[in-house]
Amino acid sequence: MKITPLNKLPEPLDIRKRYPLSDEAIATQRAIVREIEDVLSGKDDRILLVIGPCSADREAPVLEYLERLARLRDEVKDCVLIIPRIYTNKPRTRGTGYKGMAESPDPTKGPDLLSGIIAIRKIHMRALLDFGFSGADEMLYPENHAYLDDLLSYVAVGARSVENQQHRLTSSGVGIPVGMKNPTSGELSVMINAIYAAQQPQDFEYRGWAYRSEGNPYAHAILRGYVTPGSASGANYHYEDLKRLAELYDREGLVNPAVIVDVNHANSAKHFLEQPRIVEEVMHNRRRDVDVKHLVKGFMIESYLVDGHQDVDGTTFGQSITDPCLGWEKTETLVRAVADGVDRGRR
């Protein structure tokens, strides 16, 4: 094998012992998981917003963002359940360059995997302990989930991972809601098959152990748009797309049918300023069609302190170094509009 071993990384249990949670923090995390489960099952009619930076690139601006988000959460909590998007693994389509805090705690320096593991646990701990947020992250590498599994309330499987069997089987046993994105081709059967696999009991290997899961009844769909054979972006958040997904759920007999609409990525063709318009359209369709209302449980939104994006070595505090994001002022306006839309839908 033409690889060079660098160093043995600590086991997840060792990291958790070095950076433990109090009983109160554990109770907070579990309570937030139950809230998300109630939204996905329809017991709670609030809208779920998984919202935050494309990549959690640096601790200081992410914590500033979370402080502001916590104040906004308290304002809209009767209508909206806010889960911060704290994505510490940022995949690149071609597998090179910046890969997120888990590999490079300082984006301007080279990889440091041990420091990265510690950094991502610390930032999720700060979210929970300082602001009462149990965050969302992406399951890019299933074997790394165990470093954070006592901290997270939500995990997403990306468009390029959703067909991978290890992601599907691990999702069946993580004990928190898992969103399965449609693949970049847009083929919904791939996503539906992933949801089905995650909802079933499974036997599988994980970090050198054989495990048996009970299945995850809160595995669900995330629509993120698609890429055509000619490399153009295509959207799948429209009324007809949502009705088709409702039919697929019904045909497969999956439990807790639910979809989170990702309003950036291919759905916006990465035109980040389109996110509020897409949310508005989907909220309108929820109000006009009861099946769409029951299916659409929320949105995934890319948002940070400053509009747009910059290079990895950029110096603008709180501006994305990966995909462009909505700035804070637009974020506040959007979240309040979602809350108002839910309130109007109840009347």
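- At a threshold of 4.5 Å between non-hydrogen side-chain atoms, the residues Y237 and D262 do not count as touching.
- Using a 4.5 Å cut-off on side-chain heavy atoms (C-beta onward), P217 and Q199 make no contact.
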Begin with the C-alpha distance, continue with both residues' side-chain angles, and end with the deciding distance and a verdict on side-chain contact (heavy atoms from CB on, under 4.5 Å) for H284 and Y239.
-> CA-CA 10 Å; H284 169 75; Y239 176 78; over 6 Å; no
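- Salt bridge R344/D340: present, at least one basic N to carboxylate O contact under 4.0 Å.
- Comment: E332 engages R336 in a salt bridge, judged by a side-chain N to carboxylate O separation of less than 4.0 angstrom.
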Give the C-alpha distance, both sets of side-chain angles, the deciding distance and a yes or no for salt bridge (charged side-chain N to carboxylate O under 4.0 Å, His left out) between R207 and E11.
-> CA-CA 9 Å; R207 297 190 67 91; E11 293 295 320; 3.5 Å; yes
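- Under the 3.5 Å distance criterion, the side-chain polar atoms of S161 are left unmatched by any main-chain donor or acceptor of V157.
- Side-chain atoms of R160 do not come within 3.5 Å of backbone N or O of T184 as any donor-acceptor pair.
- Classification of E280 and R277 as a salt-bridged pair fails, no side-chain N sitting under 4.0 Å from a carboxylate O.
- The hydrophobic cluster containing V296 also contains I192, counting ILVMFWY residues as joined when their side-chain heavy atoms lie under 4.5 angstrom apart, directly or transitively.
- Following chains of ILVMFWY side-chain contacts shorter than 4.5 Å, one cannot reach I222 starting from V80, and the two form parts of different hydrophobic clusters.
- No donor-acceptor distance shorter than 3.5 angstrom exists from the side chain of N256 to the backbone of Y218, with no hydrogens or angles considered.
- Looking at T333, its side chain does come within 3.5 Å of a backbone N or O of E329 through a donor-acceptor pair.
- Residue D203 places its CG atom among more than 12 non-hydrogen atoms of other residues, nucleotides or ligands, all under 6.0 Å distant.
- With hydrophobic clusters built from ILVMFWY side chains whose heavy atoms lie under 4.5 angstrom apart, L148 shares a cluster with L128.
- Heavy atoms from other residues, nucleotides or ligands lying under 6.0 Å from CD of E214 number 12 at most.
- S303 and Y65 are linked by a side-chain donor-acceptor pair at a separation below 3.5 angstrom, with hydrogens and angles left out of the test.
- A cation-pi arrangement is not found for R71 relative to F131, the charged atom failing to lie both closer than 6.0 Å to the ring centre and inside a 45° cone about the ring normal.
- Ring-plane geometry between F204 and Y206 is classed as perpendicular, the angle between the planes exceeding 60 degrees on a 0 to 90 degree scale with a lower cut at 30.
- Between K122 atom NZ and I15 atom CD1 the span is 10.0 Å, to the nearest 0.5 Å.
- The main-chain N or O of D38 is found under 3.5 Å from a side-chain atom of S41 such that the two form a donor-acceptor pair.
- Other members of the cluster containing L13 do not exist, because no ILVMFWY side chain is joined to it at under 4.5 Å.
- For the atom pair R46 CZ and K297 NZ, the distance stands at 13.0 Å (nearest 0.5 Å).
- Between the S134 side chain and the L151 main chain, a donor and an acceptor come within less than 3.5 Å of each other.
- The backbone N or O of N267 lies less than 3.5 Å from no partner atom in the side chain of K270, so there is not a single donor-acceptor pair.
- Nearest heavy atom pair, residue V190 against residue P183, reads CB-CG, 3.8 Å.
- For the pair P324 and N264, the tightest heavy-atom approach, listed with the atom from each and the gap, is O-ND2, 3.3 Å.
- Counted within 6.0 Å of CD on E37, heavy atoms from surrounding residues, nucleotides or ligands total more than 12; the atom is thus considered enclosed.
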Tell me, with the steps shown, if L334 and I301 meet side-chain contact (heavy atoms from CB on, under 4.5 Å).
-> CA-CA 10 Å; L334 176 54; I301 298 167; 3.8 Å; yes
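- Between the S104 side chain and the M101 main chain, no donor and acceptor come within less than 3.5 Å of each other.
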Evaluation steps, side-chain contact (heavy atoms from CB on, under 4.5 Å), between L223 and M191 = CA-CA 9 Å; L223 293 180; M191 177 184 70; 4.0 Å; yes
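- Using a 4.5 Å cut-off between side-chain heavy atoms of Ile, Leu, Val, Met, Phe, Trp and Tyr, with links allowed through other members, L66 and I36 fall into different hydrophobic clusters.
- The minimum heavy-atom distance linking P257 with L295 is given by the pair C-CD1, 4.0 Å.
- W328 places a side-chain heavy atom less than 4.5 Å from the side chain of L69.
- For the pair R16 and Y147, the cation-pi criterion (under 6.0 Å, within 45° of the ring axis) is not fulfilled.
- Note: D112 CG to K109 NZ = 9.5 Å, rounded to the nearest 0.5 Å.
- Under the salt bridge (Lys or Arg N to Asp or Glu O under 4.0 Å) criterion, the residue pairs touching residues 219-243 are K243-D289, K243-D291, with sequence neighbours excluded.
- Hydrophobic clustering of Ile, Leu, Val, Met, Phe, Trp and Tyr side chains at less than 4.5 Å, counting indirect connections, keeps L242 apart from L40.
- For the side chain to side chain donor-acceptor pair (under 3.5 Å) with D150, the qualifying choice from H124, R121, R30, Q29 is R121, the only one to do so.
- Using a 4.0 Å cut-off between charged nitrogen and carboxylate oxygen, E138 and R85 do not count as a salt-bridge pair.
- Within the 4.5 Å cutoff, no side-chain heavy atoms of H220 are placed close to those of L254.
- Between I82 and F133 the shortest side-chain heavy-atom distance falls below 4.5 Å.
- Summarising the geometry of A102 relative to N89, their closest heavy-atom pair is CB-OD1, 3.3 Å, with the distance given to 0.1 Å.
- In terms of modelled atom types and a separation under 3.5 Å, the side chain of Q275 and the main chain of E302 share a donor-acceptor contact.
- Here the CG atom belonging to N164 is positioned 10.0 Å from the CG atom belonging to L140, to the nearest 0.5 angstrom.
- The closest side-chain donor-acceptor pair between H309 and Q319, if any, does not fall under 3.5 angstrom.
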Which pairs of donor and acceptor atoms, one on a side chain in residues 48-59, lie under 3.5 Å apart (sequence neighbours left out)?
from	atom 1	to	atom 2	distance (Å)
S55	OG	Y98	OH	3.3
D57	OD1	Y304	OH	2.7
R58	NH2	V312	O	3.3

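- In this structure, the side chains of F317 and V306 stay at 4.5 Å or more apart for every pair of heavy atoms.
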Chi angles and distances behind the side chain to side chain donor-acceptor pair (under 3.5 Å) call for T88, D137 | CA-CA 7 Å; T88 58; D137 209 331; 2.6 Å; yes
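- Taking CG from L245 and CG from N236, the interatomic distance works out to 9.0 Å, rounded to the nearest 0.5 Å.
- Not a single donor-acceptor pair under 3.5 Å links the side chain of E64 to the backbone N or O of G318.
- Residue I26 holds its CD1 atom at 10.0 Å from OG1 of T28, rounded to the nearest 0.5 Å.
- Listed here is the closest heavy atom pair of V33 and L152: CG2-O, 4.2 Å.
- A 4.5 Å side-chain heavy-atom check between N182 and E187 finds every atom pair outside the cut-off.
- Residues I195 and A219 share a closest heavy-atom pair of CG2-O, 3.5 Å.
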CA sep, side-chain torsions, deciding dist, call: D307, K330, side-chain contact (heavy atoms from CB on, under 4.5 Å) | CA-CA 9 Å; D307 274 344; K330 295 181 179 68; 2.5 Å; yes
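- You'll find the side chain of V261 stays beyond 4.5 Å of the side chain of M300, heavy atoms only.
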